[in-house]
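Shown next, in structure tokens, is the structure this report addresses.
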Protein chains: 2
Amino acid sequence: MSESSLLNKQNTEKETYFLMEHEGADLISKFKLPVAASKLAKDETDAVLSANSIGYPVVLKGMFKDIVHKTEAGIVKLAIENDLQLKEAYTEIIENAKKYDPLAVMTGVLVQEMADKGIELIFGVKRDPIFGHQLIIGFGGTLVEIMKDFSVRMLPVNETEVEEMVKELKSYPILKGYRGQSGINLSEVKRICMGLNKLVQEKPEIAELDLNPVIFNEEKATICDVRILIDEQKVEQNQSRSLEAVEKMINPQSVAVIGASTNENKNGGRLFRYLVENKYPGKLYPINPGAKDIKGYKAYPNLIDVPGDVDLACIIVSSDRVPGVMRDCITKGVKAAIIYSSGFAEIGGEGEKLQEEVLALAKEGNIRVLGPNSIGIASPEKQIYTAFGAALESKVKVPGNIGFISQSGAMGSALLSKAWEQRVGFSRWISVANEADLSATDFIEVLAEDELTNVISVFMEGLKDAAAFERASKKALENEKPLLIYKTGRSDVGKRAVQSHTGTIAGDDTVYSAAFDKWGALQVNHLEDLIDVSVALDVQPLPNGNKIGVMTASGGACSVIADLCSEKDLDLPELTETSDKILELIPPFGSAQNPIDVTAEIIAQPEMFKEVLETLTQDPDIDGVIVMLTTNADPGASVIAKAILDVFKRNEKPIVVGRLGATAIAPQAMELYSNHHFPVYSTPEKVVNVMHYLVRYNKLFKKQQR
Amino acid sequence: MSESSLLNKQNTEKETYFLMEHEGADLISKFKLPVAASKLAKDETDAVLSANSIGYPVVLKGMFKDIVHKTEAGIVKLAIENDLQLKEAYTEIIENAKKYDPLAVMTGVLVQEMADKGIELIFGVKRDPIFGHQLIIGFGGTLVEIMKDFSVRMLPVNETEVEEMVKELKSYPILKGYRGQSGINLSEVKRICMGLNKLVQEKPEIAELDLNPVIFNEEKATICDVRILIDEQKVEQNQSRSLEAVEKMINPQSVAVIGASTNENKNGGRLFRYLVENKYPGKLYPINPGAKDIKGYKAYPNLIDVPGDVDLACIIVSSDRVPGVMRDCITKGVKAAIIYSSGFAEIGGEGEKLQEEVLALAKEGNIRVLGPNSIGIASPEKQIYTAFGAALESKVKVPGNIGFISQSGAMGSALLSKAWEQRVGFSRWISVANEADLSATDFIEVLAEDELTNVISVFMEGLKDAAAFERASKKALENEKPLLIYKTGRSDVGKRAVQSHTGTIAGDDTVYSAAFDKWGALQVNHLEDLIDVSVALDVQPLPNGNKIGVMTASGGACSVIADLCSEKDLDLPELTETSDKILELIPPFGSAQNPIDVTAEIIAQPEMFKEVLETLTQDPDIDGVIVMLTTNADPGASVIAKAILDVFKRNEKPIVVGRLGATAIAPQAMELYSNHHFPVYSTPEKVVNVMHYLVRYNKLFKKQQR
């Protein structure tokens with residue numbers, strides 16, 4: 001539920017409301033959070049007494065149940081030095097409050113210790129409807145939205161995570177102490193975070209919390225303002241169903257196509273053609289009351305008429321007929337169905353109702369359903385194509401080890417056809433579409449156990465069930481199958497009205513990223529990464545760190561790669577162990593230092609190229625190697641390809657290779673790479689990007705081990 | 001010259017040295033810059049008098065000729081409130097200075113007004129060896145290196161530019177006044193910048209200047225610290241030579257190839273083969289004392305023996321023989337030569353000397369030289385291929401309107417072959433290599449006048465002559481030929497030792513960017529942009545602004561494009577004029593709002609697609625249109641292609657088209673686009689990126705007009 005709708009409910013149902021500051025301060029101080037010393041005073045006399053007991057200077061804040069934006073209302077007075085100023089401030093607060101909201105009722109005034117100057121941070125908590133409570137640490141206090149310097153983690157956090165959060169801040173040098181200025185007390189940061197862990201555990205009804213500013217110096221931290229939004233609504237728990245029947249959906253021994261057609265302009269005709277043309281190895285039953293046989297397969301008027309068992313029902317009839325077919329599935333005892341038909345939740349209104357009806361039938365019959373509006377599943381390795389769409393028209397269909405799941409049919413299909421054209425192979429390709437029943441998360445869990453799949457790659461629009469996703473990604477991690485996610489819908493951030501700094505800076509996208517990071521899923525930024533990085537993760541060992549050796553045959557390429565590596569935080573260390581040896585190998589006008597330029601001499605001396613590559617790869621200070629080739633033509637290009645593949649096989653380090661230039665002038669070399677499933681990237685940007693993701697995934701993976 | 005070498009010279013030649021702070025303050029106050037009130041006191045008594053005349057609180061700074069880092073030395077004392085504190089501070093400064101450098105001689109102590117708190121900025125000036133004086137405005141004062149929030153312009157600046165610089169800062173909301181806090185006085189910013197304009201004009205010997213911090217409030221600005229580095233050395237002026245002879249180099253009527261060979265494994269053999277195979281239309285003279293004829297052309301033992309005039313000498317012999325050939329050129333009266341031979345400045349030492357010898361001969365004979373170490377020039381439209389390298393092996397060589405200049409032969413050649421494979425056409429392709437004589441800048445000027453060239457695209461490693469570059473880019477601008485630059489060598493930034501904040505933040509790359517921006521050259525970030533964006537600038541009209549209409553056939557594509565547009569500052573406005581009409585056209589489950597999803601119905605109703613596209617393109621609130629297609633297959637894909645080309649021709653707005661998916665399933669559509677030289681990009685990232693550059697170029701172009 002969005003913050004704006006929360007607010008609308010506030011006055012009607014009272015399910016969501018802000019605590020007054022002194023209530024918030026009381027609450028968090030029970031969790032050992034260092035709130036500025038304060039007293040709630042009933043009246044002016046009481047305020048003077050309180051101020052004298054706390055000690056001047058003090059801050060005075062009017063506490064009115066209905067005034068949330070205190071500074072705007074003019075009911076916060078800072079740096080009060082003595083009794084006289086305090087009395088003046090008290091009067092002003094009363095007057096300003098009256099002007100701002102004549103009906104506001106005062107609970108009292110909060111007299112608060114005025115913290116010394118120091119470094120201002122914000123600590124925030126936000127309860128995400130999907131992922132639960134998130135912690136935000138940001139620099140700049142009330143300026144955080146301009147500074148845009150913050151880090152986010154799912155709660156609870158441990159002390160190591162807190163340290164990471166602080167180190168991630170761009171302002172970290174300031175927090176450490178900069179140019180003789182003192183920094184912050186890190187153990188106070190940890191104390192606050194540990195307190196927030198406990199707070200949200202015991203008070204899950206906290207929807208948003210801002211501690212802002214929290215003023216730090218070398219010794220202590222002082223929380224100067226507390227704002228807490230409560231939302232009493234319970235978040236519904238999703239019920240999970242067994243995924244056993246999905247095995248029949250992805251590896252069916254028998255398939256019935258309800259809506260199969262002899263007319264190949266119809267989707268049902270195309271779907272059936274793809275099954276037949278791609279030589280589906282199991283039993284195939286076209287269901288069509290008007291046909292005798294389709295493409296040589298005996299047709300049946302109804303699913304119920306099929307003589308044997310049916311593992312999978314492919315339903316490709318008009319939407320109004322789907323409930324009837326689902327009832328047939330129940331009768332027939334079918335446990336898995338793919339619904340290709342559109343006209344369900346994606347069109348809203350009536351479609352949503354129809355989808356609910358279908359889902360109810362699925363639960364009644366204990367049937368697991370993919371779709372509606374799905375383009376289906378393709379399993380090239382098994383020659384099972386229960387899918388349709390333009391991508392299936394591709395002549396080249398390449399089997400491989402990448403399991404691909406898409407919430408968008410069109411984008412999934414487009415990526416499939418593009419990847420096949422680049423000779424990238426898939427174990428499974430799955431269009432989850434409406435997710436009435438089975439979701440992308442369910443298929444992550446399924447593919448984590450799928451023997452054909454090494455890497456799981458997901459085009460994601462959103463998640464519904466965080467706990468299921470956590471379970472699925474853990475399973476992928478346990479089975480050492482990297483999970484890649486491209487998440488779209490990022491630009492929604494900031495469009496909504498929000499009530500707190502935390503709400504503003506921790507948009508949906510940030511929360512998704514924090515969750516992916518916590519559970520070891522690698523989030524990629526661009527669509528193509530889903531393919532480029534998957535292929536690398538399938539073939540390449542992980543680099544132990546970010547120390548990269550770069551090898552090219554031109555000064556220009558060295559410079560381009562060095563620029564890109566510096567943008568992507570890849571370190572090109574100076575070589576100490578191997579530079580002498582490399583210097584002996586390369587021509588005098590080359591560069592033996594990282595990035596290494598072996599020069600165009602590789603055309604005349606391919607052996608030299610191979611020796612340098614082997615030497616660089618074996619350098620103990622190097623975690624991975626980037627080779628950037630420019631236009632090399634066959635036959636020379638094939639010699640270089642063989643050298644790279646040889647060195648790659650003999651060593652346990654990633655070697656990411658780029659080749660800028662026409663592929664048509666090196667067909668044999670490209671064939672060689674392709675036969676070894678060894679990816680070669682077409683631009684320096686891609687090469688560096690892929691290496692950067694390998695380094696990131698290694699870090700993610702290691703973090704999960706500790 | 002780098003700052004570290006400047007510093008080393010400091011004590012020996014005294015050509016470079018720091019002004020003491022009071023000297024710097026005196027200097028800039030003459031230019032009406034608001035320096036904090038201060039007095040140089042000779043001794044303690046004098047200091048007390050000065051402090052009382054300025055008024056407490058004051059700052060006390062020891063002035064020692066040899067102590068540059070005053071804070072580190074402990075000779076700066078802040079917030080002195082009275083005479084007693086002043087005397088204590090005075091004693092401490094003397095003691096600390098002695099500890100820091102026993103030999104340091106004190107000139108006096110600077111007693112300075114202590115500025116009120118406010119917003120801290122830095123103003124910096126840096127004299128770049130190529131581009132001259134640069135102005136830096138940064139947020140955060142001494143924290144500027146952490147904040148990384150600054151903007152840079154070449155000096156002099158006008159008031160509009162100063163406003164732009166301030167608005168560019170991420171902290172601009174703070175400077176404007178944020179959450180009730182007061183902002184800065186903008187006219188004071190302008191006053192400081194106008195003062196700096198005059199200062200560097202009258203004192204060009206200023207190499208670096210930091211005014212840091214400058215404390216601002218709503219009324220005034222106070223410069224609290226001044227550091228000025230003087231470098232008395234004169235910067236050499238480059239002499240420019242006439243480019244007249246370059247016409248003969250790019251459009252030669254007759255070419256002699258010195259080093260032409262019958263052996264096609266040799267570079268001279270390949271070069272000659274490319275000339276012949278590609279049907280060079282002029283007179284061709286192979287020069288080789290050992291051959292009678294080469295590929296049917298009569299060979300001559302020496303250039304001098306050639307009967308007719310020779311417009312261009314292609315010199316492809318071993319480096320030691322080049323000076324002799326140059327002498328022959330002088331004798332023969334040849335005015336243009338391309339030297340392909342390597343073994344010159346690129347190998348250092350002896351090679352450098354040899355290059356100087358060749359250059360001297362070129363000047364003697366008034367010959368313009370490309371190279372040495374060049375791969376040459378290709379002019380597909382004219383069938384002139386005075387070039388060699390693997391790219392020339394491409395079977396497809398496409399003529400077109402892009403003039404491409406590369407300082408790196410390997411990268412230039414690689415991009416050429418890759419572009420040709422994508423059917424991108426070139427007017428000229430030029431490898432400038434060592435630039436002994438003709439430079440990339442010279443060829444920008446030449447191509448600005450070249451009738452075959454519409455767009456000039458440059459792979460750049462560095463410039464030597466800023467004035468010539470300014471002249472060349474102005475010429476390109478006058479002739480309305482967009483100039484694109486990919487500049488490599490960016491990661492050098494920060495590697496050098498620098499003496500000032502300004503030096504640290506205004507690295508080479510920043511200065512290049514400021515220069516490109518000032519002179520209307522479009523800097524692109526990635527190598528592929530050189531092709532992708534050039535093609536678009538050749539074909540597409542410029543968008544008037546950043547309001548983009550997006551059209552796709554899937555919700556997933558809408559979401560991906562919207563994310564990318566938001567990253568690239570492209571605005572997707574809500575449609576008001578046309579949304580009703582579009583709503584009528586598209587299916588009910590589509591989206592008639594920007595981004596528009598016309599759904600997969602375009603397969604059944606391509607006319608609907610065309611009408612929506614036309615309507616969207618004609619919407620007066622839309623500056624340009626992005627169409628993102630997914631896997632569409634022929635024949636439908638061709639119908640869509642025709643629709644796009646039709647609408648594009650009838651309207652004066654850019655329509656940038658992407659198609660994600662295999663090209664092999666839509667060969668006719670791709671052919672259609674290609675025949676119309678209409679670029680179709682392979683990913684959503686590219687489409688959005690290209691539109692973003694069109695918007696940026698339009699802004700650059702307009703800025704030049706005002």
Side-chain angles (χ1 to χ4, degrees), chain A residues 71 142-143 146 148 170-171 173-174 178-180 346-348 389-391 393-395 407-411 413-415 417-418 420-421 459 461 488-491 526-528 553-557 559-560 562-563 565-566 588-589 600 630-633 660-665 682-685, chain B residues 71 142-143 146 148 170-171 173-174 178-180 346-348 389-391 393-395 407-411 413-415 417-418 420-421 459 461 488-491 526-528 553-557 559-560 562-563 565-566 588-589 600 630-633 660-665 682-685:
Chain A
T71 305
T142 48
L143 298 179
I146 295 167
K148 294 190 176 63
K170 286 170 266 172
S171 52
I174 298 175
Y178 181 71
R179 292 187 174 248
E346 81 280 6
I347 63 161
E393 295 294 336
S394 302
K395 294 216 172 62
Q407 286 183 332
S408 159
M411 296 309 270
S413 177
L415 276 169
S417 82
K418 195 168 192 288
W420 271 343
E421 193 160 70
F459 179 100
E461 292 173 339
T488 183
R490 300 179 295 212
S491 50
H526 293 126
L527 208 52
E528 283 186 298
S554 98
S559 176
V560 169
D563 285 353
C565 285
S566 120
F589 47 97
T630 39
T631 4
N632 56 354
L660 186 75
T663 54
I665 60 174
S682 60
T683 64
E685 282 79 9
Chain B
T71 305
T142 48
L143 297 179
I146 295 168
K148 294 189 177 65
K170 285 170 267 173
S171 52
I174 298 175
Y178 181 71
R179 291 186 174 250
E346 80 281 5
I347 63 161
E393 295 293 336
S394 301
K395 294 215 173 63
Q407 286 184 331
S408 159
M411 297 309 271
S413 178
L415 276 169
S417 81
K418 194 167 192 289
W420 271 344
E421 193 159 71
F459 179 100
E461 292 173 338
T488 183
R490 300 179 294 213
S491 50
H526 292 127
L527 207 52
E528 282 185 298
S554 98
S559 175
V560 169
D563 286 353
C565 284
S566 120
F589 47 97
T630 40
T631 6
N632 56 354
L660 186 75
T663 54
I665 60 174
S682 60
T683 64
E685 282 79 10

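Letters A, B, ... are given to chains in the order of the sequence lines, protein chains preceding strands, and every chain is numbered from 1.
In terms of heavy-atom pairs under 4.5 angstrom with chain B, the leader among A:Gly348, A:Ala557, A:Pro684, A:Ala633 is A:Ala557. Of the listed residues A:Gly555, A:Gly661, A:Ser413, the one with more heavy-atom pairs under 4.5 angstrom with chain B than any other is A:Gly661. Taking chain A as the reference chain and counting heavy-atom pairs below 4.5 Å, the highest number among B:Thr630, B:Ile146, B:Ile665 is found for B:Ile146. Chosen from A:Pro588, A:Ala410, A:Ser554, the residue pairing most often with chain B at heavy-atom distances under 4.5 Å is A:Ala410.
Only the backbone of A:Glu346 comes within contact range of chain B, with at least one heavy atom under 4.5 Å from a heavy atom of that chain. With a threshold of 4.5 angstrom between heavy atoms, A:Ser394 approaches chain B through its backbone and through its side chain. Heavy atoms of A:Thr71 lying under 4.5 Å from chain B are absent altogether. Of the atoms belonging to A:Ser408, it is side-chain heavy atoms, and not backbone ones, that fall under 4.5 Å from chain B.
Expressed to the nearest 0.5 Å, how far CG of B:Leu143 lies from OG of A:Ser171 amounts to 10.0 Å. Of the inter-residue distances, the one linking A:Glu685 atom CD with B:Glu528 atom CD reads 6.0 Å to the nearest 0.5 angstrom.
Shortest non-hydrogen contact noted between A:Thr631 and B:Ala390 is O-CB, 3.0 Å. When all heavy atoms are compared, the tightest approach of B:Thr488 to A:Ser559 is OG1-OG, 2.6 Å.
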>> One pair to check against side-chain contact (heavy atoms from CB on, under 4.5 Å): A:Leu527 and B:Thr683. What are the steps and the verdict?
In response: CA-CA 8 Å; A:Leu527 208 52; B:Thr683 64; over 6 Å; no
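Remark: the B:Glu421 side chain and the A:Thr663 side chain contain an N/O donor-acceptor pair separated by less than 3.5 Å.
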